[in-house]
Amino acid sequence: EHVLFELMNDHDKLGELSKLVATMRFATERNDEALIDETDASIAALERLLPEHYWPGKVRAASKDISTNGATLAQLYVERCYKLIGEDFPAVEQIEKKIARLT
């Protein structure tokens, strides 16, 4: 899986991260330990390949947070990644303000 992720461009990696966040939310809500472990390993592999300014560690942590706040943060972190890749810095700033209010 790591090798496959290495072959992806950043946009594709973010698409995969978005899917994995949704899978993690599903797994944690159902307390499916096997799926949680598998998904966490996949997110960790992506985390090592994504630039740090995308905050992949924060995305990973929020995806495991079963609270409503965690779901909102996970969504905002992923949105922030897409805005960064699209160089929409005013939108990044707005998202970061929303994140700051929740953390």
Side-chain angles (χ1 to χ4, degrees):
E1 192 171 50
H2 182 78
V3 173
L4 177 64
F5 292 156
E6 284 181 328
L7 298 174
M8 294 179 175
N9 63 36
D10 281 352
H11 196 272
D12 291 339
K13 288 175 190 169
L14 291 180
E16 190 63 29
L17 181 63
S18 182
K19 290 178 202 173
L20 289 167
V21 166
T23 302
M24 181 64 82
R25 301 290 310 159
F26 175 82
T28 55
E29 288 170 3
R30 281 148 184 76
N31 203 24
D32 183 336
E33 291 299 324
L35 186 56
I36 289 169
D37 291 344
E38 179 183 326
T39 306
D40 189 51
S42 296
I43 293 174
L46 273 173
E47 183 178 352
R48 289 187 294 276
L49 297 172
L50 287 169
E52 185 57 38
H53 65 272
Y54 287 159
W55 300 348
K58 292 181 180 185
V59 175
R60 185 176 173 200
S63 72
K64 295 185 217 177
D65 182 345
I66 61 172
S67 71
T68 303
N69 202 32
T72 303
L73 279 172
Q75 178 184 358
L76 288 170
Y77 286 136
V78 171
E79 283 180 37
R80 181 184 173 279
C81 291
Y82 278 108
K83 297 301 181 187
L84 279 171
I85 204 166
E87 298 182 357
D88 186 351
F89 300 115
V92 170
E93 185 177 339
Q94 293 300 317
I95 291 170
E96 287 179 355
K97 287 178 183 177
K98 290 178 185 177
I99 291 169
R101 281 186 242 130
L102 294 171
T103 56

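Just so it is clear, the model here is predicted, and its values are computed rather than measured. The first residue in the sequence is number 1, and the count goes up from there.
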Nearest atoms (heavy-atom pairs only) where [X] meets [Y]:
X: Lys64; Y: Thr28; answer: O-CG2, 4.0 Å
X: Cys81; Y: Val59; answer: SG-CG2, 4.4 Å
X: Ser63; Y: Met24; answer: O-CG, 3.3 Å
X: Ser42; Y: Phe5; answer: O-CE1, 3.5 Å
X: Val21; Y: Ala74; answer: CG1-CB, 3.9 Å

Review point. Just checking, any donor-acceptor pair under 3.5 angstrom between side chains of Asn69 and Ser67?
Key: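 Ser67 and Asn69 do not have a side-chain donor-acceptor pair below 3.5 Å.
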
Student check: side-chain heavy atoms of [X] and [Y] closer than 4.5 Å:
X: Pro56; Y: Leu49; value: no
X: Leu17; Y: Ile43; value: yes
X: Glu38; Y: Asp40; value: no
X: Met8; Y: Leu4; value: yes

Compile the donor-acceptor pairs under 3.5 Å between side chains in residues 84-102 and protein atoms, sequence neighbours left out, one pair per line.
from: Asp88; atom 1: OD1; to: Ala91; atom 2: N; distance (Å): 3.3
from: Glu96; atom 1: OE2; to: Arg80; atom 2: NE; distance (Å): 2.9
from: Glu96; atom 1: OE2; to: Arg80; atom 2: NH2; distance (Å): 3.0

Check your understanding: Under a single-linkage rule joining Ile, Leu, Val, Met, Phe, Trp and Tyr whose side-chain heavy atoms are separated by less than 4.5 Å, which residues share a cluster with Phe26?
Key -> Leu35

**Study point:** Reported CD-to-CD1 distance for the pair Glu29 and Ile36, which is rounded to 0.5 angstrom
**Key:**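 The CD atom of Glu29 sits 10.5 Å away from the CD1 atom of Ile36.
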
Review point. Say you draw a straight line from NZ of Lys58 to CD of Glu52; how long is it, rounded to the nearest 0.5 Å?
Key: 9.0 Å

**Study point:** Check: Gly15 main-chain N/O paired with Tyr82 side-chain donor or acceptor under 3.5 Å
**Key:**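 Yes, Tyr82 side chain to Gly15 backbone: donor-acceptor pair under 3.5 Å.
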
Practice item. For Ser18 and Leu14, indicate whether the former's side chain and the latter's backbone hold a donor-acceptor pair under 3.5 Å. Key: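 Side chain of Ser18 to backbone of Leu14, a donor-acceptor pair under 3.5 Å: no, none is there.
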
